[in-house]
Amino acid sequence: MSSAAVPTPVLHEQVLDWYAIAQRDLPWRSPDATPWGVFVSEVMLQQTPVARVEPVWHAWLTRWPTPADLAADAPGEAVRAWGRLGYPRRALRLHAAATAMVERHGGEVPGSHEELLDLPGVGTYTAAAVASFGFGLRATVVDTNVRRVFARLVQGRAQASPSLTRSEMDLATSLLPADADRARTWSVGVMELGALTCTARAPRCADCPVAELCAWRLAGHPAYDGPARKGQAWHGTDRQARGALLRVLREATGPVDGEDLARAWPDEPAQRDRCLDSLVADGLVEPLSGNRFRLPA
DNA sequence: CACGCGTGGCT
DNA sequence: TAGCCAAGCGT
């Protein structure tokens, strides 16, 4: 590992100074944002772009200002209010997490990395992000932006490997400022750098505050040579079918006839049945008598 | 560890 | 235009 070549204090100053002027004004970054607001934002932002999350986040926080408010409502309402953010199982997990907060944590978002990890829908990234951004604790926050920035800046590679490795976590921990408050700003700053400047497709090295230190740029921007990431198919997949079925239920005000669902995916009846079954198994759909269906009550 | 899981904007 | 990509998680 060539991390010793990067002067860490200089790196910290460059990124922190850049973040101070370049940061986007996002509502979950406001000093007024509660840990619950941060928690909701982190789950919504799992694989979904900021621009699509923002309006839905506002609607959720207005309707459910605390975990107890969400837990008191039906899980199907969470799925409906999720709208078109995608991966709607996240809405269900958010509802289940709110229920767990009421049952185990006095209605509050827990602050420790350990307790956060025990909540549904919370993995390594989200636990660290909520601990750091929601509670100001020192935590190693590694998302896809951080991985790409460090792959280029420190490792001199165009992209990070397909899956997160232990050595990447160790590298990120070694670069994390000792002070918790600086660590928090550093983490969000590196993420912001990846989101705005050190982007996946067309990095804007001319605008980069650490271009002078970047191992990838210094090496002449060598192409990625690792294993290819396999693209996701879409047309005709179960994911597309499930999305079409769930959309009908989301947009209906009450129970829906099986025949109306059939019209949402007419060409492959066997696939439709299988997907409806899987939606029920996931808890996203509740079957009623008489071939009727609804979002879970 | 590789895979399945939504959705839409951008190049 | 057809991929590529976006603050991952659970199995």
Side-chain angles (χ1 to χ4, degrees), chain A residues 23-24 26-29 33 37-57 79 82-94 96-97 116-134 139-149 158-166 168-169 172 184 187-196 198-203 224 227-250 264-265 271 274-275 278-279 281-285:
Chain A
Q23 63 177 287
R24 289 168 293 178
L26 301 175
W28 45 86
R29 289 179 183 166
V38 172
F39 187 92
V40 171
S41 79
E42 291 301 341
V43 175
M44 288 184 171
L45 287 163
Q46 292 167 3
Q47 301 282 279
T48 302
V50 165
R52 237 180 299 162
V53 164
E54 219 174 323
V56 180
W57 182 88
V79 174
W82 194 252
R84 302 185 67 80
L85 291 183
Y87 294 142
R89 291 186 295 188
R90 289 181 294 162
L92 232 37
R93 292 181 185 138
L94 205 31
L116 285 162
L117 261 184
D118 280 340
L119 297 171
V122 176
T124 308
Y125 163 76
T126 302
V130 173
S132 185
F133 308 150
T140 303
V141 183
V142 177
D143 76 331
T144 188
N145 289 301
V146 173
R147 297 187 65 218
R148 183 176 56 253
V149 169
Q159 297 176 208
S161 55
S163 54
L164 177 62
T165 63
R166 176 58 189 270
E168 286 179 271
M169 287 299 292
R184 167 172 53 180
S187 293
V188 72
V190 174
M191 288 171 63
E192 193 76 334
L193 187 60
L196 299 181
C198 192
T199 53
R201 242 170 301 185
Y224 177 68
R229 243 195 277 189
K230 44 194 335 179
Q232 286 188 344
W234 172 246
H235 287 286
T237 61
D238 284 6
R239 260 178 22 265
Q240 186 185 20
R242 285 165 55 106
L245 295 171
L246 201 58
R247 178 175 190 164
V248 173
L249 290 158
R250 255 196 340 252
W265 197 257
Q271 183 186 32
R274 179 177 72 246
C275 288
S278 76
L279 287 167
D282 286 348
L284 283 164
V285 173

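These numbers come from the heavy atoms of this one structure, side chains and all, not from hydrogens, waters or symmetry mates. Lettering follows sequence order; numbering is per chain, from 1.
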>> Going by side-chain hydrogen bond (donor to acceptor under 3.5 Å, both in side chains), name the residues that satisfy it together with A:R250, two or more places apart in sequence or in a different chain.
In response: none
> Where is the tightest heavy-atom contact between A:W265 and A:A241, given as atom of each residue plus distance?
Replying inline: CE2-CB, 3.5 Å
>> Any non-hydrogen side-chain atom of A:V79 less than 4.5 Å from a side-chain atom of A:L284?
In response: yes
> Does any donor atom in the side chain of A:R148 or A:T199 lie under 3.5 Å from an acceptor atom in the other side chain?
Replying inline: no
Would you mind reading off the distance between [X] atom [atom1] and [N] atom [atom2], rounded to a whole angstrom?
X      : N     : atom1 : atom2 : answer
A:D282 : B:dC5 : CG    : C1'   : 9 Å
A:Q46  : B:dC5 : CD    : C1'   : 12 Å
A:R274 : B:dG4 : CZ    : C1'   : 12 Å

> Can you find a donor-acceptor pair, distance only, under 3.5 Å between A:T48 side chain and B:dG6 base?
Replying inline: yes
> Under the 3.5 Å rule, do the base of B:dT7 and the side chain of A:R52 count as making a donor-acceptor pair?
Replying inline: yes
Could you go through residues 48-56 of chain A and list every donor-acceptor pair under 3.5 Å that involves a side-chain atom there, pairing it with any protein atom two or more places apart or in another chain?
unit_1: A:T48; atom_1: OG1; unit_2: A:L85; atom_2: O; d: 3.0
unit_1: A:T48; atom_1: OG1; unit_2: A:R90; atom_2: NH1; d: 3.4
unit_1: A:T48; atom_1: OG1; unit_2: A:R90; atom_2: NH2; d: 2.8

> Quick one: how far along DNA chain C does chain A reach, first to last nucleotide 5' to 3', anything under 4.0 Å to a heavy atom?
Replying inline: C:dG3 to C:dG10
> If you find the nucleotide of DNA chain C closest to A:R93 and the one closest to A:R24, which residue's nucleotide is nearer the 5' end?
Replying inline: A:R24
With heavy atoms under 4.0 Å as the rule, sort [X] into base, sugar-phosphate or nothing.
X      : answer
A:L85  : base
A:D238 : sugar-phosphate
A:R201 : base
A:P120 : sugar-phosphate
A:Q240 : nothing

> A:W28: what forms a ring pair (Phe, Tyr, Trp, His ring centres under 6.0 Å) with it, not counting sequence neighbours?
Replying inline: A:W57
Using the [atom1] atom in both, what is the distance from [N] to [M], to the nearest Å?
N     : M     : atom1 : answer
C:dA2 : B:dC5 : P     : 23 Å
C:dA6 : B:dC1 : C1'   : 22 Å
B:dA2 : C:dA7 : C1'   : 22 Å

> With respect to the phosphate group of B:dC3, does any side-chain polar atom (N or O) of A:K230 fall under 4.0 Å of OP1 or OP2?
Replying inline: yes
>> Between A:L164 and A:T237, which residue's closest nucleotide on DNA chain B lies nearer the 5′ terminus?
In response: A:L164
> Among residues 121-132 of chain A, which residues get a heavy atom nearer than 4.0 Å to DNA chain B?
Replying inline: none
>> Just to be sure I understand: a Watson-Crick pair is purine N1 to pyrimidine N3 plus N6-O4 or O6-N4, both under 3.5 Å. Using that and G-U wobbles, which stems of three or more pairs involve DNA chain B?
In response: B:2-5 with C:8-11, B:7-11 with C:2-6
